[in-house]
Every structure is written in structure tokens, then in C-alpha cells.
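Working notes, beginning with the structure itself.
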Amino acid sequence: MSVLIYADINNGVLTKNAYEAASYGAQVAKTTGTNAIAIVTGTAAGLEKLGNFGVTKVLHVADASLDNFDAHKIAAVVAQAAKAESATVIVFPHDYAGKAIAPVLSAKLDAGLVTGALALPNGNVVRKTVFSGKAFADVEINSAIKIISVLPNSVDKLETGGSAEITAFSAEIPTSRITVKEIKKESTELSLTEADIVVSGGRGLKGPENWGMIEELAHLLGAATACSRPVADIDWRPHHEHVGQTGLAIRPNLYIAIGISGAIQHLAGVNGSKIIVVINTDPEAPFFKAADYGIVGDAFVVVPKLIAAVKKLKSA
Ligand SMILES: Cc1cc2nc3c(=O)[nH]c(=O)nc-3n(C[C@H](O)[C@H](O)[C@H](O)COP(=O)(O)OP(=O)(O)OC[C@H]3O[C@@H](n4cnc5c(N)ncnc54)[C@H](O)[C@@H]3O)c2cc1C
């Protein structure tokens, strides 16, 4: 018996979400007295680092045909690894990859699946958020094989200091139903779903020409930029920056919302952030109710002051 963790990679490097899933899986393995084994698909390096989060063995399927993401192919490979290692629990990060692969695998293995887990399981019961983060649900998995996808930034990563053995795993890779011809990246900016800090702007910024200060603040803080939906709809910012119910759901450690009212549909995508800072001229803006820190003020006055303060702090 074992706990198998799907550790995803981006450009050949393990993602932050992969380490979180590894740590989650290792903690489950510890409580169930089994081993935490990770599986990595495609060209990748630095896999031994998973050992620091409790993984004892990494199965590497280093086939370049898996470099382009294909959930159908990867699910087939993970299913073979699960069988080879007699995995009873399979853990995914609840990110782009996990959201696509876990349901396919669940159907393949006839396994119960809980998506977006917030905490370690209590026996067979896993807690997740429902109703756009407004409520929790405790879900019991009754199947022999259990699949859990872990919400990013929800469970502490435990550094155990161990080292993982890397083993080549040879799997039968099915023929693809689709062919990825080319991937064109929209930008080289920090991934919004992986960023620790996000600086986000809304309609209160009046126009796209005013995003220079948002980008400057984000750059100084090593943050990604985001926006509210109307801002993307009216083409002030690209659609991939839109967060909320109909956009990306993010859970950074720090979310700075500037000139955003805090409508429920916006909050649905950001209310899992650890700390929320709101800058808005209207003291009655709904966002202040969800904020940890609030500044009632004009963004065009407050943000330049923040930029100056961060610069001063960094140069000190
Ligand atoms: C089905 C559905 C799905 C939706 N999905 C999403 C979604 O995924 N994401 C999303 O964001 N929205 C979504 N919306 C839209 C949502 O309801 C709000 O309309 C939207 O979030 C408002 O965007 P905003 O806060 O940028 O703009 P506004 O509501 O116009 O708010 C602008 C804010 O800026 C403040 N402000 C003005 N001037 C300044 C200044 N100089 N300095 C500081 N503050 C200032 C104002 O006080 C105000 O609070 C959805 C709506 C529906 C119906």
C-alpha cells in the first residue's frame, strides 16, 4: 500500500503546488503507516527535492511525448503507477493539471474523488469549500482507492529533510486523442495561480493608461497582476488576469485590491487569500468587510506612496 502523489512540472521544474501536494501526501502516508511515492511525467530535473517534503521515492516517466500536457495520456500513466505501487490514496494539486487529470483517473480506477481539499483527511472524511468559498463540506470517500486534489496554499508544507530515490518508471503511453501543435505564452510574467503576492486593479483605476503604477508596485513586490472582470471585459487588461467566480480562483498569501468594489462574484475567486488589503475611496465598499487591512483613499494618491515606501524599505 502507498500514497501516490502526482507532482506537476512547469518548464521542466517542479511547481510550488507539487511540493504542497507532496507534503500533503506524505502526511497522509505517515498517518496510515504507508510510503509517499511521487510520479512525475515528462522532461524534468531537481526531482530529489521532493524528498525534503516526505516523499521517499519518485517514479519518473521521462518520455518527451508527455512534455505537452495531455490529461488522457497522463491519467493512463498515473493509473499504471498506482497499480504498480498498490496506491490506495492518490493526491493531486488542485491546479490546472490536477483539475484535468484527477476526474479522468477517478473514472479509470473507479475511485472516489474529492476536489479542492482544504485540510488533511480525518479518517476517510475530507473537508473542502463549497458555494464559492462561502461554506465547508465534509465529504466521505467510500471507495477502495481514494483521490484527493489539494487546494493551493491551504495546508502547511512540512519540510522533513529526507531525500527521495529517483526511479525510471516505464509506462505504456496511449496514443493521443489530441495533438498540441504549438504553445505560445501570453507573457513571461509570474503565474497568477502560483504567485505569493497579487496586486489587482478594478474599474476605480479609470483606464488602462493608469496600470503603470499597478505594474510597478507588483514588480517591486515580486507579485503577479490581476484585475476584476469588467476591466478584462472592456479590454483594459488581458482576460487571463481576470479573477473571480467566472475567472481564475487564486489563494495568494497577500492580495492587494485597488479600486475594486468587492462584489460577491469577485470575492468568490480571492476570498481564500491569506491576507487581503483593500484600497478604495468609498468607506462603504463591500470589499472592506472581507479585508484584513483597509485604506480608505484615492488609489492615485495611495499607490504612489506605497511604491515610494516599498522602494525606501528595499534600499534600506
Ligand atoms: C454571473 C456574474 C459573474 C461575475 N463574475 C465576476 C468575476 O469573476 N470577477 C469579477 O471581478 N466580477 C465578476 N462579476 C461582476 C461583479 O458583479 C462586479 O460588477 C465587478 O466585480 C465590479 O468590478 P469593479 O469592482 O472593478 O468595478 P466597480 O463595481 O465599478 O467598482 C469600482 C470601485 O472602485 C472604487 N474607486 C473609484 N475610484 C477610486 C479611486 N480613485 N481610488 C480607489 N478606489 C476607487 C469605487 O469606490 C468602487 O468601489 C460577475 C457578475 C455576474 C453577474
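Counting starts at 1 for both ligands and their atoms, following the listed order.
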What is the closest protein heavy atom to atom 5 (N) of ligand 1, and at what distance does it sit? Thr246 OG1, 2.8 Å

Considering only heavy atoms of His266, which atoms of ligand 1 have at least one such atom less than 4.0 Å away? 9 (N), 10 (C), 11 (O), 21 (O)

Apply side-chain hydrogen bond (donor to acceptor under 3.5 Å, both in side chains) to residues Asn124 and Asn142 and explain how you reach the verdict. CA-CA 7 Å; Asn124 292 333; Asn142 303 316; over 6 Å; no

Heavy-atom proximity to atom 49 (O) of ligand 1 ranks first, among Asn280, Asp282, Ile260, Val231, for Asn280

May I ask you to check if ligand 1 and Gly259 share an N or O to N or O distance below 3.5 Å? yes

Short version for Val243: what comes under 4.0 Å of ligand 1, heavy atoms counted, is backbone

Element-labelled atoms of ligand 1 that are located less than 4.0 Å from some non-hydrogen atom of Gln245: 7 (C), 8 (O)

Could you tell me the residue and atom name of the protein heavy atom closest to atom 37 (C) of ligand 1, and the distance to it rounded to 0.1 Å? Gly204 CA, 3.5 Å

At what distance is the nearest protein heavy atom to atom 29 (O) of ligand 1, and which residue and atom is it? Ser261 OG, 3.1 Å

At less than 4.0 angstrom from any non-hydrogen atom of Phe300, what atoms of ligand 1 do you find? 41 (N)

Can you confirm whether the side chains of Tyr255 and Ser200 place a donor and an acceptor under 3.5 Å from each other? yes

Atoms of ligand 1 close to Ala299 [distance to a heavy atom under 4.0 angstrom, numbered from 1]: 40 (C), 41 (N), 42 (N), 43 (C)

Do any heavy atoms of Gly297 fall under 4.0 Å from ligand 1? yes

With the threshold set at 4.0 Å, does a side-chain nitrogen-carboxylate oxygen contact exist between Arg177 and Asp70? no

Report the C-alpha distance between Lys57 and Asn35 in whole Å, list the side-chain angles of each, state the deciding distance to 0.1 Å, and finish with yes or no for side-chain hydrogen bond (donor to acceptor under 3.5 Å, both in side chains). CA-CA 8 Å; Lys57 182 163 80 172; Asn35 283 329; over 6 Å; no

Taken to the nearest 0.5 Å, the spacing of Asp196 CG from Leu254 CG works out to 9.0 Å

Atom 17 (O) of ligand 1 has as its nearest protein heavy atom Gln265 OE1, 2.8 Å

Gap between atom CG of Asp110 and atom OG of Ser143 - 0.5 Å precision: 7.5 Å

Nearest 0.5 angstrom please: Asp67 CG to Thr41 OG1, how far? 8.5 Å

May I ask whether Gly269 has any heavy atom positioned less than 4.0 angstrom from an atom of ligand 1? no

What's the separation between atom NE2 in His219 and atom CD1 in Ile307, rounded to the nearest 0.5 Å? 11.5 Å

Name the option, out of His242, Arg229, Glu284, that contains the heavy atom nearest to atom 3 (C) of ligand 1. Arg229

On the 0 to 90° scale, with breaks at 30° and 60°, tag the His266-Phe287 ring pair as parallel, tilted or perpendicular. perpendicular

Relative to the heavy atoms of Asp298, which atoms of ligand 1 are at a distance of less than 4.0 Å? 40 (C), 41 (N), 42 (N)

Regarding Lys146 and Thr88, do their side chains bring together a donor and an acceptor under 3.5 Å, going by distance alone? no

When distances are taken from atom 22 (C) of ligand 1, the protein heavy atom at minimum range is Pro230 CG, 3.7 Å

Between Tyr24 and Phe53, does the ring centre distance come in under 6.0 Å? no

Proximity of Ala263 to ligand 1 by residue part, where a heavy atom lies under 4.0 Å: side chain

NZ/NE/NH1/NH2 to OD/OE distance under 4.0 Å, Arg251 and Glu194: no

Contacting atoms of ligand 1, where contact means under 4.0 angstrom from a heavy atom of Gly247: 8 (O)

Per-atom contacts, ligand 1 versus Gly202 - under 4.0 Å to a heavy atom: 26 (O)

